[in-house]
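Just the heavy atoms: all of them, side chains too, but no hydrogens, waters or symmetry mates, feed the values below. As the structure lists them, so they are numbered: ligands from 1, and atoms in each ligand from 1. Predicted model only: the values in this text are computed from it and were never measured.
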Amino acid sequence: MNQTRIHQNVSLKKYHTFAMEVKADYFVEAQTIEDIINGYQTFPDLPKMFLGGGSNVIFVNDFHGLIIHNKLMGRKILKETSEYVIAKIGAGENWHRLVLWAVSQNLGGIENLALIPGSVGASPVQNIGAYGVEVKDVIQEVEVFNLHTQKLETLTNQDCQFGYRDSIFKRDLKGKVLITNVTFKFNKAKHHTFNTDYKGLSEALESVRQIDVEVVSKAVIKIRQSKLPDPQSHPNSGSFFKNPVVDEDLMKNILANHPNIPSFDLGNNKFKIPAAWLIDQAGLKGVKNETETLGTNPTQPLVLIHYGGATGDELREFIDFIRTTVDNKFGVTLETEVNLV
Ligand code: EPU
């Protein structure tokens, strides 16, 4: 068995992109499955939490338990044909670096998902998506360590029950498994169908004569950089709320008063509305809380920025304020996309 170092009283600020000043009682960097097992066996009765890139979780309180930081690395090509490549990637790998690698190999599938913060292991959990592509479109299998049986298991794409920012890992398997590897199917560029219809992306590519993975990834990077703040300089967790889905009656009601509201018809009398639009039209674009420790991003208000020194209570109050203001104006309740711990 290898030596697993367990650290005590560790600041979590640099381990989540919202950068709240909170601490964990115990913390382990898991580079191997043994590190995870050792952590478990050392603290059988304490609460435990797995952490990847920390871009979709916000610690609002000190964590009285063990944080297991997923640092399981590796990039293995399992199969290559003239049409595609199957690659198994360690869950602790950085997501954007994987995108850059795929682009450098001229492999298609995740070029629209460039610059999404977080780790490879976190990508299936909330089925990350951007510019008309979701990671479920390229995932073949997800390998997990079952904490109950202490064995590795493999879930097929179907088993993962992917939905909009949703999967089985957020529901039935929450807290029961740790994602260890994700297997992707990437297309060789010649056999790849690009997804460039998304408003904004199609405009950015209008003057491009020859579309390829690099061109698309660069366009996505440019759009994201122009709208979304860099977590390094402006701590944030990406989209803070989900885009709400409303039924036809409510949609009609809102349209009567706000004929310009953008919406996306999902079928079955359901409509998705951009939360950014609701927050913007509620007058909350670029606003700050009283202590100026938190604010909505001035270029894409769906992103909340932590300007430093915010307490968990201040964050909760700010979230409540945004939700109540939007609810009072439109009758739509926003749900957080990030997990508050
Ligand atoms: N809008 C405004 N005011 C603004 C910004 C946007 O009214 O200041 C309206 C516009 O009508 C715009 C619409 O909101 O067309 C949608 O905005 P955008 O295209 O920026 O996308 P989004 O729906 O807000 C989603 C994802 C993002 C992803 C983008 C691009 C969710 C919750 N968010 O945002 O994902 O990058 O689409 O595909 O689905 C993330 O999950 O962390 C994330 C950043």
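Counted by atom type alone, T156 and E141 present zero donor-acceptor pairs between their side chains at under 3.5 Å.
Between F27 and Y15, the distance separating the two ring centers is shorter than 6.0 angstrom.
The distance from the CE atom of M49 to the CG atom of L12 is 9.0 Å, given to the nearest 0.5 Å. A distance of 9.0 Å separates CE in M20 from CG in L340, rounded to the nearest 0.5 Å.
For ligand 1, the protein residues within 4.0 angstrom (heavy atoms only) are G129, A130, Y131, Y164, R165, Y198, R224, K227, G238, S239, F241, N243, P262, P274, A276, W277, D280, K285, T299, Q300, P301, L302, E337.
Open room surrounds CZ on R97; 12 or fewer heavy atoms of other groups in view lie less than 6.0 Å from it.
The pair E83-K188 fails the salt-bridge criterion, with no side-chain N (NZ, NE, NH1 or NH2) lying under 4.0 Å from an Asp/Glu carboxylate O.
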